[in-house]
Amino acid sequence: MDEGGTVGRLRGAGATASADGREGARVERAAAAAVALPEAAGELGRAARHGRAARHGRGSLGPVALVVAGGLSVQFGAAVAVLLMPHAGALGVVTLRLVLAAVVLLLVCRPRLRGHSRTDWGTVVVFGAAMVGMNMLFYQAADRIPLGAAVTLEVLGPLALSVVVSRRLINLLWAGLALGGVVLLGGGFGRLDPAGAAFALGAGAMWAAYIVFSARTGRRFPQADGLALAMAVGAVLSLPFGVAEAGGKLLGPSTIGLGLLVALMSSVLPYTLELLALRRLPAPTFAVLMSLEPAIAATAGFLVLHQVLSAADALAIALVVAASMGAVRTQVGAGARKA
């Protein structure tokens, strides 16, 4: 979630590992820090290592406000995408978002195309494919179930990755807490559309893959070049699906306008705000704040789409948010002890 003049500061999560143990530790920290923001995983690790944020007014509300604004932008952008779906379809919306976001990123980053190995390009292609899968599955879910429920189920992917790579017993508690929230959210899965829930869980799995390949891409490409190229790959991969579903509707002025709004709200603006926040905010605090995404999504769904939550739904989302925060804090604490 970030671009503009700051987009060039995005980095991969650490230098190339020389041993499997160090690589596992890096993925663990990236997964924990990115429970709600895989794109910023590299910058989170970098900010944590350098301690840059700790030197700049921890008590200031400015960085916190930037993170919250970024989260609001992402989830309200998703709500706008849901409004656009009757006109362009879920796959058409994905295509519009990726194509327009890719154009912005390529113009801003101007990535170098030469001098990269086959492995570099292979990593970017897989990264872009994970991006496409994550977005397609998520928008299919949001077209069928409430936005808050979709994001809550989706966030289980990064949470599961965090638990798996950590191998710590305490994370079984967070996994159990999240599972309880999911069961409560679905009321035994009887109240949610089964296809919508399945799409959201699939999006979560792709999100976990996104985290891993985001970190690998960041190590192989300077600044945000890898992200820009992966976004372009994603745009190309999504284009046939969007055209098949929406056809000429994608070229309508109002559709393009709303699609650009979604791209700006869901990609460009939040990325910029969050990187600005990372200059002054400790990375662990940032990660915990990003764990609030399901709650923000539920709020956006209520205000924009008039999706009312029951008391059980609200409790379910709170349980998943608590599990995400707990996993982040556990991983960050372990990372600090290792350092």
Side-chain angles (χ1 to χ4, degrees), residues 1-3 36-39 69-105 128 130-155 157 192-193 195-197 199-204 206-207 210 231 234-235 237-239 241-247 249-274 293-307:
M1 310 170 184
D2 24 355
E3 275 107 34
L37 185 61
E39 298 99 315
L72 289 170
S73 181
V74 168
Q75 300 307 333
F76 277 87
V80 173
V82 173
L83 293 176
L84 183 57
M85 286 177 190
H87 304 284
L91 299 181
V93 172
V94 171
T95 297
L96 282 172
R97 173 183 171 179
L98 293 180
V99 168
L100 295 172
V103 169
V104 173
L105 273 171
M131 185 187 306
V132 171
M134 178 179 65
N135 280 281
M136 283 187 173
L137 291 170
F138 175 75
Y139 281 131
Q140 291 283 2
D143 196 29
R144 291 170 171 81
I145 62 177
L147 188 61
V151 174
T152 301
L153 292 173
E154 186 191 25
V155 83
L192 290 180
D193 177 79
F199 280 129
L201 291 172
M206 296 304 297
W207 197 351
Y210 187 108
M231 189 74 75
L237 292 177
S238 70
L239 196 57
F241 297 96
V243 171
E245 181 170 73
K249 295 178 182 178
L250 293 175
L251 301 178
S254 61
T255 301
I256 292 177
L258 284 175
L260 180 59
L261 182 61
V262 171
L264 293 174
M265 292 182 68
S266 296
S267 297
V268 179
L269 180 59
Y271 294 167
T272 302
L273 293 176
E274 285 151 9
E293 291 269 333
I296 297 174
T299 302
F302 173 74
L303 294 177
V304 178
L305 305 173
H306 310 294
Q307 296 172 343

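Not measured: the values here are computed from a predicted model.
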Problem - M85 CE to R144 CZ distance, which is reported to the nearest 0.5 Å - result: 9.5 Å
Completion exercise
CZ (R97) and CE (M265) are apart, to the nearest 0.5 Å, by 11.0 Å
Completion exercise
Residues V155 and P294: closest non-hydrogen pair is CG1-CG, 4.2 Å
Practice task
To the nearest 0.5 angstrom, please state how far the CG atom of L91 sits from the OH atom of Y139.
Solution key: 12.0 Å
Fill in the blank from the handout: In terms of heavy-atom contacts, A142 and L147 come closest through CB-CD1, 4.3 Å
Practice task
State, yes or no, whether a side-chain contact exists between T299 and Q75 at a heavy-atom distance under 4.5 Å.
Solution key: no
Problem - Euclidean distance, L261 CG relative to I256 CD1, rounded to 0.5 Å - result: 13.5 Å
Problem - H87 to K249 - nearest heavy-atom pair and separation - result: O-CD, 3.2 Å
Exercise for the section: Heavy atoms only: give me the nearest S73-L269 pair and the separation to one decimal. Expected result: OG-CD2, 3.6 Å
Handout entry: Working for side-chain contact (heavy atoms from CB on, under 4.5 Å), residues Q307 and F302
Key = CA-CA 4 Å; Q307 296 172 343; F302 173 74; 5.8 Å; no
Exercise for the section: To the nearest 0.5 angstrom, please state how far the OG1 atom of T255 sits from the CG atom of L260. Expected result: 12.5 Å
Completion exercise
Taken to the nearest 0.5 Å, the spacing of M136 CE from S238 OG works out to 5.5 Å
Handout entry: Closest non-hydrogen atom pair, A149 against L192
Key = CB-CD2, 4.2 Å
Problem - A263 versus L100, closest heavy-atom pair with distance - result: CB-CB, 3.9 Å
